Every structure is written in structure tokens, then in C-alpha cells.
Amino acid sequence: MPVMSRFESAFCRTAAWGAFTRKTVLPWAVQGQQITGDVLEIGAGSGSMAAALVESSPDARLTATDFDPVMVAALSARLERYAPRARVQQADAIGLPFADASFDVVLSFIMLHHVVDWSDALAEAVRVLRPGGRLLGYDLLATPPWRALHWIERAPHCLLTATQLRAALCALPVASCAVHVAPGGHVARFSARA
């Protein structure tokens, strides 16, 4: 699984991204749903979304993971003040080290495109959901600006289309799934219920 590029790594640790995350991105990504119970965020990066989630969801117990050691260190530092309601663990999204049916909610915020086998990451997310649990997230879509940025960075990412995301998600053992493309078509949010 690739690690973040230097640009992405630096950007996701900025105060501007943290503020935008709290005020705009997290509310849009979770689609107005209450986040409670045992929650897993896969590919949590530097923890902007994770910190915003812990602050806004007092009934959530968060396990935040990332594959990149640099991001795990940044994530650990950011979430330290929220212990014991938040913990950090290094994990590969396509081989999560958790038992089946371990979480009430699994979150994936702009991390699927970092995973070459992103459909395997979705399958793992669904595997660790409890019956009735929810998968919520959003990701970048394969549009010319994102393709150009990743080409310039020589990032080994796998940008996806909304059609590919919908097909992969709905092929999993879920009761329901949905993909909604945001205005402009550069990102899509998605959901599924186990």
C-alpha cells in the first residue's frame, strides 16, 4: 500500500485543513448521521477528521488507523489528548487486524485512492462491521485535476470513478449502499449498511 506523497502529507497536517475538516468536510462526509459506539477510521492520515469526530461525537469510541508510519506518528500526537476514547494503531486497509463484526461504524475519508486494491479495502471495512453497522466515507474521483496532480507527484494512487465505486460497494454483502457525487464531480461520498 503506498504512503502519502510529501505534498499530501504536509497539506493534511495544516491548520487550514483541520478547520475546513471540522466545519465542512466531516458533516458532509457523515451525511448528518450520529456516530456512536465502536468506530474505526481506516487511513486516518494525520488525524484531522479523527479529532473532529471525537470532539463532535461524545458517544463514539474511536480506533484510528493508518499504514504510513509518518501519519501514524502524527495521528498519535493529535489524538493523545482524547485517550481513552481514541486510540491509534498501524494497520493495512486490505488486511485489518480486527475480528469480524468488531465495529458499529467504519469510516474512510479520502484514503481509498491510496490503496491500489481499493475494493479489497472496502471488503475489509464491511467484514469488520457488526450486523446493522454503517460504512461511511468519501474519496477523490478520477477527474483531470486529480489525475494531473497525482501524475506530477508520481504518486502510485488508483483514482476511481463513481461507477466503479458503486459497483464494488454494492457487490459486497451489505443490506444497502449508495454513492453520491458532489457538485463539480471531483469527490463522492458513499455509504453502506451491513
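In this text the structure is predicted, and so the values were computed from the model without any measurement. For reference, positions follow the sequence shown, starting with 1.
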S.K.: Using a 3.5 Å distance criterion without hydrogens, assess whether the side chain of R193 forms a donor-acceptor pair with backbone atoms of L135.
M.R.: no
S.K.: What's the spacing between L62 CG and D38 CG if we round to 0.5 Å?
M.R.: 10.0 Å
S.K.: Taking all heavy atoms of V187 and all of W28, pick out the closest pair and write down the distance.
M.R.: CG2-CH2, 3.8 Å
S.K.: Tell me the closest heavy-atom pair linking Q31 and G137, and the distance in Å.
M.R.: NE2-O, 4.5 Å
S.K.: Determine the interplanar angle of the F109 and Y138 rings, folded into 0 to 90°, and report it as parallel if under 30°, tilted if 30 to 60°, perpendicular if over 60°.
M.R.: tilted
S.K.: With a 3.5 Å distance limit and no angle check, can you tell me whether E124 reaches the backbone of L96 through a side-chain donor-acceptor pair?
M.R.: yes
S.K.: Locate the shortest heavy-atom distance separating S191 from L169; write the atom from each residue and the value.
M.R.: O-CD2, 3.5 Å
S.K.: Could you check C177, S108, C170 and say which one makes a side-chain contact (heavy atoms from CB on, under 4.5 Å) with F190?
M.R.: S108
S.K.: Does a side chain donor of either T36 or R61 reach within less than 3.5 Å of an acceptor in the other side chain?
M.R.: no
S.K.: Do side-chain atoms of S57 reach the backbone of V54 as a donor and acceptor pair under 3.5 angstrom?
M.R.: no
S.K.: Taking the side chain as every heavy atom from C-beta outward, state whether D59 and I35 have any atom pair closer than 4.5 Å.
M.R.: no
S.K.: Do you know which two heavy atoms are closest between L40 and V128, and how far apart they sit?
M.R.: CD2-CG2, 3.9 Å
S.K.: Nearest 0.5 angstrom please: S102 OG to R130 CZ, how far?
M.R.: 6.5 Å
S.K.: How many angstroms lie between OG in S48 and CG in L53, if you round to the nearest 0.5 Å?
M.R.: 12.5 Å
S.K.: Ignoring hydrogens and angles, tell me if any N or O in the side chain of D66 forms a donor-acceptor pair with the backbone of G45 under 3.5 Å.
M.R.: yes
S.K.: Supply the atom-to-atom distance L165 CG to L122 CG, rounded to the nearest 0.5 angstrom.
M.R.: 6.5 Å
S.K.: On a heavy-atom basis, which atom in L160 and which in L112 lie closest, and how many Å separate them?
M.R.: CD2-CB, 4.5 Å
S.K.: Show the numbers, then the answer: is there a side-chain contact (heavy atoms from CB on, under 4.5 Å) between L140 and H186?
M.R.: CA-CA 6 Å; L140 306 177; H186 298 290; over 6 Å; no
S.K.: Could you pull out the closest heavy-atom pair between L26 and S56, with the gap in Å?
M.R.: CD2-OG, 3.8 Å
S.K.: Can you list the steps and then say if V126 with V174 is a side-chain contact (heavy atoms from CB on, under 4.5 Å)?
M.R.: CA-CA 8 Å; V126 169; V174 295; 3.8 Å; yes
S.K.: To the nearest 0.5 Å, how far apart are NE2 in H180 and CZ in R166?
M.R.: 8.5 Å
S.K.: With no hydrogens and no angle check, do the side chains of T63 and R87 hold a donor and an acceptor under 3.5 Å apart?
M.R.: yes
S.K.: Identify whether the distance between the nearest side-chain nitrogen and carboxylate oxygen of D139 and R189 falls below 4.0 Å.
M.R.: no
S.K.: Using a cut-off of 6.0 Å, state whether more than 12 heavy atoms not belonging to Q34 lie near its atom CD.
M.R.: no
S.K.: Just how far is it from atom CD1 of I110 to atom CE of M49, taken to the nearest 0.5 Å?
M.R.: 7.5 Å
S.K.: So, does D120 use its side chain to make a donor-acceptor pair with the main chain of I94 at under 3.5 Å?
M.R.: no
S.K.: What do the steps show when you test L107 against I42 for side-chain contact (heavy atoms from CB on, under 4.5 Å), and what is the final call?
M.R.: CA-CA 6 Å; L107 304 169; I42 53 176; over 6 Å; no
S.K.: Verify the neighbour count for atom CD of E55: are there more than 12 heavy atoms of other residues, nucleotides or ligands below 6.0 Å?
M.R.: yes
